[in-house]
Each structure stands twice: as structure tokens, then as C-alpha cells.
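Single-structure report; data block below.
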Amino acid sequence: EYQFWHKDSEGWKCPKEPESFDYNTRNTVSFEATAGQTYEVAVYAKDKNANGSWKQAASASKIIRALEQVNVNESNKGDVLNLKVGQALKLYLIENPSTGVSWEYKSMFDTNVLEEEMSWLLCPYVPEGWVGAPGERNWIYKALNAGNTTIDLWYIQPWSPAPIPADTFTLEINVVP
């Protein structure tokens with residue numbers, strides 16, 4: 001068995017895992033990190049000879065630095081953005097699906113450089129009887145490898161055979177090691 005621990009300016013911490021957590025199949029750990037803070041992450045192996053105490057597996061310790069998430073929106077249209085490998089990017093744009101238009105990729109970005117981790121529409125509370133209230137389309141991306149790519153979106157009726165964009169959004173991404 002093993003446990004993941006991380007050390008920050010306050011000392012060593014072990015994230016609490018559910019009772020059904022299978023340490024034999026898990027090889028990643030998540031913890032809340034503060035951008036710019038340095039952490040030491042270690043794997044502790046169960047020492048069977050010491051009454052179940054935890055002993056660090058010396059070959060599995062690494063120093064990491066938390067990267068700041070970059071947030072962009074409509075005001076960043078046409079910008080060039082520099083990210084570091086492993087850094088997260090959050091993009092949010094106003095979208096009103098009740099009008100039949102939505103943000104769609106005009107062309108796909110290079111998935112060797114950037115990965116879309118998730119996308120969702122955040123809709124505000126709308127009083128009964130009201131229609132057409134805009135929401136906020138959100139994407140979370142992760143910089144995977146050094147290189148260049150472009151997020152190229154257009155605001156269209158996706159079902160239209162010849163869509164005419166109501167708006168466009170382009171963001172050039174440069175990822176460095």
C-alpha cells in the first residue's frame with residue numbers, strides 16, 4: 001500500500017481519501033495549491049516490518065511549483081497568450097442558447113499542445129416567463145507540450161448548412177517548457 005503526501009510552507013499533509021480508495025490502482029493525487037507556492041510531493045510505502053508505520057519511498061519524491069490558472073474572456077479576442085506546460089487556461093464567453101446560436105470550434109486546435117479538459121454553460125436564474133437570458137460558456141484547457149496552436153471559435157447556429165457567424169473569437173497560444 002502507499003499514500004500520497006505533499007509538503008508546503010506549513011509542513012507535510014496527506015489528503016483524506018474515502019474508505020474505498022484503492023491505493024494499488026491510483027497513481028495520481030490532487031490537492032489545493034496556491035499559485036507560485038512550491039510543494040514537495042512524495043509517495044509513502046507501507047513498511048510491513050514496523051507495525052504499519054509509513055516510510056517514504058525515497059525514489060518517489062519530487063519538488064513541484066504550482067502554476068497560476070490564466071483566465072481569459074471576450075476582451076482577450078485576438079490576443080497572443082503564453083502558457084507553461086502544465087498550466088491551466090479558463091476561457092469564458094457570453095452565450096445565449098435560447099436564440100439558437102452557440103460557440104463552436106471553427107477549426108480544431110492542436111491537441112498535442114493543448115487539451116480541453118471540460119466545457120459547460122453556466123445559466124443565470126431567470127424568473128418564470130422570461131426567455132432569452134444569456135449564460136456564460138466556460139472551457140478549461142491544459143497546456144500539454146511546448147508548441148503553438150490557436151483556439152478559433154465562432155458563434156453560430158450549428159444546425160445551419162451554411163452558418164454565418166454572429167461573432168468570432170480567436171486566441172493564439174504559445175506553450176513553453
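Counting from 1, the numbers follow the sequence of the chain as shown.
Residue pairs that meet the side-chain hydrogen bond (donor to acceptor under 3.5 Å, both in side chains) test with at least one member in residues 155-165, sequence neighbours left out, do not exist here. Identified under the side-chain hydrogen bond (donor to acceptor under 3.5 Å, both in side chains) test for residues 168-177, with sequence neighbours left out: Asn82-Asn174, Asp152-Thr170.
Side chains of Val175 and Val85 form a contact here, defined as non-hydrogen atoms less than 4.5 Å apart. Side chains of Asn112 and Thr149 form no contact here, defined as non-hydrogen atoms less than 4.5 Å apart. Within the 4.5 Å cutoff, no side-chain heavy atoms of Lys84 are placed close to those of Pro177.
Scored by the side-chain hydrogen bond (donor to acceptor under 3.5 Å, both in side chains) test, Glu104 finds Ser102 as partners (sequence neighbours excluded). Residues that satisfy the salt bridge (Lys or Arg N to Asp or Glu O under 4.0 Å) test with Glu74, not counting sequence neighbours, are Lys77. Glu117 pairs by the side-chain hydrogen bond (donor to acceptor under 3.5 Å, both in side chains) definition with nothing, not counting sequence neighbours. Remark: Val72 pairs with Val70, Asn76, Leu81, Leu89, Leu91, Leu171 by the side chain to side chain contact (heavy atoms under 4.5 Å, CB included) rule, at least two apart or across chains.
Through side-chain heavy atoms spaced under 4.5 Å, either directly or across other Ile, Leu, Val, Met, Phe, Trp or Tyr residues, Ile156 is tied to Trp154. Residue Ile140 belongs to a hydrophobic cluster whose other members are Met118, Trp120, Leu122, with links defined by side-chain heavy atoms closer than 4.5 Å.
Under the 4.5 Å side-chain heavy-atom criterion for Ile, Leu, Val, Met, Phe, Trp and Tyr, Leu114 and Val176 are members of distinct hydrophobic clusters. Residues Ile94 and Phe169 are members of separate hydrophobic clusters, defined by side-chain heavy-atom contacts under 4.5 angstrom among Ile, Leu, Val, Met, Phe, Trp and Tyr. Leu144 and Met108 are assigned to two separate hydrophobic clusters, defined by single-linkage of ILVMFWY side chains at heavy-atom distances under 4.5 Å.
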How far apart are the C-alpha atoms of Tyr141 and Gln87, what are their side-chain angles, what is the distance that settles it, and do they pass the side chain to side chain donor-acceptor pair (under 3.5 Å) test? CA-CA 8 Å; Tyr141 300 93; Gln87 196 164 17; over 6 Å; no
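Atom OG1 of Thr150 is separated from atom CG of Asp110 by 9.5 Å, given to the nearest 0.5 angstrom. Considering CD of Glu68 and CG of Leu83, their distance stands at 11.0 Å, rounded to 0.5 Å. Rounding to the nearest 0.5 angstrom, the gap separating the CD1 atom in Ile151 from the CG atom in Asp79 is 11.5 Å. Here the CZ atom belonging to Arg137 is positioned 11.5 Å from the CH2 atom belonging to Trp103, to the nearest 0.5 angstrom. Note that the CG atom of Asn73 and the NZ atom of Lys90 stand 10.5 Å from one another [nearest 0.5 Å].
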